[in-house]
Participant: 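The structure follows.
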Amino acid sequence: MSILVGVLSQKGGVGKSMVARLLATEYVRIGWNTLIADMDGSQSTSSEWSQRRNQQEIKPSVDVKEFSMVGNVLVLKKDYDIIIFDGAPHSTLVTKEIAENSDLIVLPTGSSLDDLNPQIRLAHELVDSGIDSSKVVFLLSRVGNSEVELNDVIDYINQTGYTLLKGYIPEKTAFRLAIREGRSLTETRYSGLTEKCESVAQSVADKIHELTN
Ligand SMILES: Nc1ncnc2c1ncn2[C@@H]1O[C@H](COP(=O)(O)OP(=O)(O)O)[C@@H](O)[C@H]1O
Ligand SMILES: [Mg+2]
């Protein structure tokens, strides 16, 4: 039986696909049988990324499949150790269904209020619909280089009472270039960036461990 992780937002561009690919590559690397369920059929970004990865023969290869219905993912639970949903923006129903079935719900957010407030509203909606709030975590992605702004965002999220995972993914052109080549966030040539993203992935893994053991 697999662990299910939903990387969700109702809005595009917050870094869901980046985070899903980061988590997937790190889990594949430690030997887990891993699937990214790409629920964003209109964009297929993770599916196309995986094709580029295979074309470039980048190892380890990461299994990505496209789905429109959550039920079609759930039947694959027996085949994988972990399934990471790369969420469907703009679909409240699919987002809720992913959340209901996930052991952990990761809400990536940038540092602007335009990213943060919709994610906080989504967290509230999920909890109001019966999701356990301890399963809902925020993850800082696409963070600029202002420490003042970073500290403000951390305070802002902490005030909501939801868990904010340790670490953050900075906004870097190097990440976009890596993705273009079929690489993941821990596969740029900059060791400082790799360390930052490895520690973000570790925060997620620690949370998964805490919730599932
Ligand atoms: N940390 C980052 N640094 C630089 N570019 C990023 C970063 N995270 C995401 N992007 C870019 O921003 C866009 C949206 O990211 P993506 O992960 O596709 O978001 P979502 O899946 O939530 O729509 C993509 O073009 C992606 O390459
Ligand atoms: Mg996406």
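Worth knowing before you read on, the calculation uses all heavy atoms, side chains too, and leaves out hydrogens, waters and symmetry mates. Just so you know, ligand 1 is whichever comes first in the structure, and atom 1 is the first atom listed for that ligand. One-based numbering along the sequence shown.
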Participant: Using side-chain heavy atoms (C-beta onward) and a distance below 4.5 Å, is Thr92 in contact with Gln10?
Facilitator: yes
Participant: Looking only at distances, please establish whether an N/O atom of ligand 1 is found under 3.5 Å from an N/O atom of Arg142.
Facilitator: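 Yes: some nitrogen or oxygen of Arg142 is under 3.5 Å from one in ligand 1.
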Participant: Indicate yes or no: at least one non-hydrogen side-chain atom of Val137 is less than 4.5 angstrom from one of Val106.
Facilitator: yes
Participant: Contact between ligand 1 and Pro89 is defined here as a heavy atom of the residue under 4.0 Å from a ligand atom; is it met?
Facilitator: no
Participant: Considering only heavy atoms of Pro170, which atoms of ligand 1 have at least one such atom less than 4.0 Å away?
Facilitator: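 It comes down to these atoms of ligand 1: 1 (N), 2 (C), 3 (N).
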Participant: Which heavy atom of the protein is the closest neighbour of atom 23 (O) of ligand 1, given with residue, atom name and distance?
Facilitator: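 I find the closest protein heavy atom is Gly13 N, 2.6 Å.
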Participant: Yes or no: does Gly15 have any heavy atom under 4.0 Å from an atom of ligand 1?
Facilitator: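 Yes; Gly15 lies near enough to ligand 1 that a heavy-atom distance drops under 4.0 Å.
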Participant: Give the residue and atom name of whichever protein heavy atom lies nearest to atom 25 (O) of ligand 1, and the separation in Å to one decimal.
Facilitator: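 Minimum-distance protein heavy atom for atom 25 (O) of ligand 1 reads Arg176 CD, 4.5 Å.
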Participant: Any nitrogen or oxygen of Lys16, side chain or backbone, less than 3.5 Å from one on ligand 1?
Facilitator: yes
Participant: Measure the distance from atom 3 (N) of ligand 1 to every protein heavy atom, then report the residue, atom name and distance (to 0.1 Å) of the closest one.
Facilitator: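 It is Lys172 N, 2.9 Å.
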Participant: Any salt bridge linking Glu48 with Arg180? Criterion: basic side-chain nitrogen under 4.0 Å from a carboxylate oxygen.
Facilitator: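 Looking at Glu48 and Arg180, the cut-off is not met.
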Participant: So which bit of Met18 gets within less than 4.0 Å of ligand 1, heavy atoms only: side chain, backbone, both or neither?
Facilitator: both
Participant: So, taking the atom named CD1 in Ile58 and the one named CZ in Arg52, what distance separates them when rounded to the nearest 0.5 Å?
Facilitator: 9.5 Å
Participant: Are Asp114 and Ser112 close enough, and set up right, to give a side chain to side chain donor-acceptor pair (under 3.5 Å), and what steps lead you there?
Facilitator: CA-CA 5 Å; Asp114 292 345; Ser112 77; 4.8 Å; no
Participant: Taking a cutoff of less than 4.0 Å between a non-hydrogen atom of the residue and any ligand atom, is Ile169 in contact with ligand 1?
Facilitator: yes
Participant: Which pair of non-hydrogen atoms, one from Pro60 and one from Val28, has the smallest distance, and what is that distance?
Facilitator: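 Where Pro60 meets Val28 most closely, the heavy atoms are CB-CG1, 3.4 Å.
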Participant: I need the His209 NE2 to Thr212 OG1 distance, nearest 0.5 Å.
Facilitator: 7.0 Å
Participant: I'd like to know whether Thr25 forms a side chain to side chain donor-acceptor pair (under 3.5 Å) with Glu187, so could you lay out the CA-CA distance, the side-chain angles of the two residues, the decisive distance to 0.1 Å, and finally the verdict.
Facilitator: CA-CA 9 Å; Thr25 25; Glu187 296 166 342; 5.1 Å; no
Participant: Could you go through Glu198 and Arg29, starting from their C-alpha distance and side-chain angles, then the distance that decides it, and tell me whether this counts as salt bridge (Lys or Arg N to Asp or Glu O under 4.0 Å)?
Facilitator: CA-CA 12 Å; Glu198 277 173 354; Arg29 229 185 283 286; 6.0 Å; no
Participant: Going by the order shown, which atoms of ligand 1 are within less than 4.0 Å of some heavy atom of Gly12?
Facilitator: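 The atoms of ligand 1 under 4.0 Å from a heavy atom of Gly12 are 23 (O).
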Participant: Short check: any N/O/S atom of Ser46 below 2.8 Å from the Mg ion (ligand 2)?
Facilitator: no
Participant: Take every heavy atom of Val14, measure it against each atom of ligand 1, and state whether any distance is under 4.0 Å.
Facilitator: yes
Participant: Provide, to 0.1 Å, the distance between atom 18 (O) of ligand 1 and the closest protein heavy atom, together with that atom's residue and name.
Facilitator: Ser17 CB, 3.8 Å
